[in-house]
Amino acid sequence: MLRHYLTLAVKVLLRRKFFTFISLFGISFTLLVLMVATAMLDHTFAPMPPETRQDRTLNVVRAAMYGPSDTSVSSAGFELFDRYARDLPGVERLSIYSSVGVVHSYIKGEKIESSLKRTDGEFWQILDFSFIEGGPYSTEDVDQARFVAVINETTRRKFFGTQPAVGKSLEADRQRFRVIGVVEDVSRLRSVPFADIWVPYTTLQSDGYKRGLLGNFNAMALATDRSALPQIRDEFRSRLDRVELPDPKESTTLVAPFETHFESYARDIGGAQKWASEKDPNSQGWKLTLVLSVAAVLFMLLPTVNLINLNMSRIMERASEIGVRKAFGASSQTLVGQFIVENVLLTLVGGLVGLVLSALVLRAISESGLIQYATFELNLRVFGYALAFALLFGLISGVYPAWRMSRLHPVDALRGGAAR
Amino acid sequence: MIRLENIEKVYRTDRIETVALTNINLEVDEGEFISVMGPSGCGKSTLLNLIGLLDVPTEGHVQLDGAPITTYRDRQLAAIRNREIGFVFQTFHLVSDLSVLDNVQIPLLYRRMSNRERRERALEALDRVGLSARVHHFPSQLSGGQQQRVAIARAIVGRPRILLADEPTGNLDSHMGEEIMGLLEDLNRGERTTIVMVTHDQQKAERTARIVRLFDGRQVN
């Protein structure tokens, strides 16, 4: 039976070329946009090197101090983590690292701008960087404030051309570092690991960074296992509740939650303004999920309605066939099945076209260098999403017309579909 | 076998009410070949649709082998149509996108059987109507007479006990009409298929065992 339906579907689609073209265009364009968006989200949030342990990693990337008249929002200070985030139960490793900053270097009179991140040794133990040359610096290197650096592939090319970099030195903002490792480029969208140059935080020119609850640092906690994540969040929050704030008249509440990458984005989406208005230390991830879902639904709605319309007229043209099938024993349910199979086939073909188009568009975006070091691609996971989108699209746009059609009275259907 | 009791069929729209049939009482025995005659618009096709369970009467009862099918639900009616009834229409109603073989298989799609068995039975039915050489053709490649023979093959492929033919020769020239009439008579005699045929053609009607005449939705004798 399925073979018969598929044969019929193919024949109908081939016979009505214009309709097929319009439908396929709508479907593939919609899926193209959804898939490009999905690939970008996947690239930003899904676990992938160097963030392979993302499922049991939490970060603090923002901190805010709320007072009766004023709110300060920034990154947290080193002290906050050093004093309150060490020895949190359930934490296997804790890394404290700075936000990325821009540094300048000069080679033969040419100015080179790089993103630099100052980290501890644990940073390299939690994240899974892929080293092309050498290796990372250790906790001992950090404790001894050694001027060593790990750089990425692009920085190696800028400074040393095609030559190996390990053992050579480079200058950044008038500090000289010896390169001990070279890693593959990491996309700018992966804000935790991203940088061009990584150096020990102890190489900062003054030790002023050690003081202050707000500052320029982030923390990353690797849990012993996933079940320990809530405990880590709760314990850190309750420790913060007990922190003595420097000026209780100015600030009364300190919020610096351990969150997933996705949750941090959700909280950060409205910028400092939004942080200022929300003291809520609970996860805001649901808001971003909601925004993304609503956007996806709205985006799919218009082409779906369009496809429903096209399907309605197509089905009415086939009223006589519906009448015949009913006369020869097809129940309404069977007919609904038949038309859904046809529609799903159409959307799957559209999905396939969309998939090819998405691959091309994503390659073009990656090559354009619009987002630093980002290489968007259609992996198996994105393909899975695409397939799910196409099926959902096919079902939604097929069900209503099929239902309307199945309710056609067989006598009317045989007469050509005029409603009684 | 088929029994219609005090049948009335009224079509209602917002403004008007059209009485298509009134006070129809009819019994058709197993193996009988009857024809229904009357002028256009007298309710012949409506009567055939009621017998074929494609429509329900406004009043009265339709019984098949004593079962009160007027009370059945869509799925049950579909199953009975599939097993017991075959239809032949004046305009053939073949699915233009499907080959002759696929068209004939349609009734068997709604039964549990293997693809192979379906195909074999469809080929058998096509052989019965003399179209074995045309199985891979499409309807548009056939003459009117051939199309109607495909339609008959489709109607008999499920070996139904009842065949309902709505002016099966109405769109054909006399030679082809004769062929189709011959096929129906063979089915009636050979397989004892019960046939109810709507026709305008007095000569063809006279070849059947009984003529039911309708005028303005009423039975006249």
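Naming convention: chains lettered A, B, ... in sequence-line order (proteins, then strands); numbering from 1 in each chain. Since the structure is predicted, the reported quantities are computational estimates derived from the model, not experimental observations. What's counted below: heavy atoms across the whole structure, side chains too, no hydrogens, waters or symmetry copies.
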Minimum-distance pair of heavy atoms, taken over all atoms of B/Gly52 and B/Leu164: CA-CD1, 3.2 Å
Atom of A/His43, atom of A/Ala374 and distance for their closest heavy-atom approach: NE2-CB, 3.6 Å
Contacting region of A/Thr334 [heavy-atom separation from chain B under 4.5 Å]: side chain
B/Phe138 portion near chain A, given a 4.5 angstrom heavy-atom threshold: side chain
Interface moiety of B/Thr46 toward chain A, non-hydrogen atoms closer than 4.5 Å: neither
Heavy-atom proximity to chain A below 4.5 Å, by part of B/Asn49: side chain
Contact winner vs chain B - A/Ala327, A/Ser331, A/Gly323, A/Pro410, heavy-atom pairs under 4.5 Å: A/Ala327
Residue pair A/Asn343 / A/Ser397, side-chain donor-acceptor N/O under 3.5 Å: yes
Chain A contact via B/Arg154 - side chain, backbone, both or neither, heavy atoms under 4.5 Å: both
Inter-residue atom distance A/Thr347.OG1 - A/Leu392.CG, 0.5 Å rounding: 9.5 Å
Straight-line distance of A/Asp42 CG to A/Met48 CE, nearest 0.5 Å: 5.0 Å
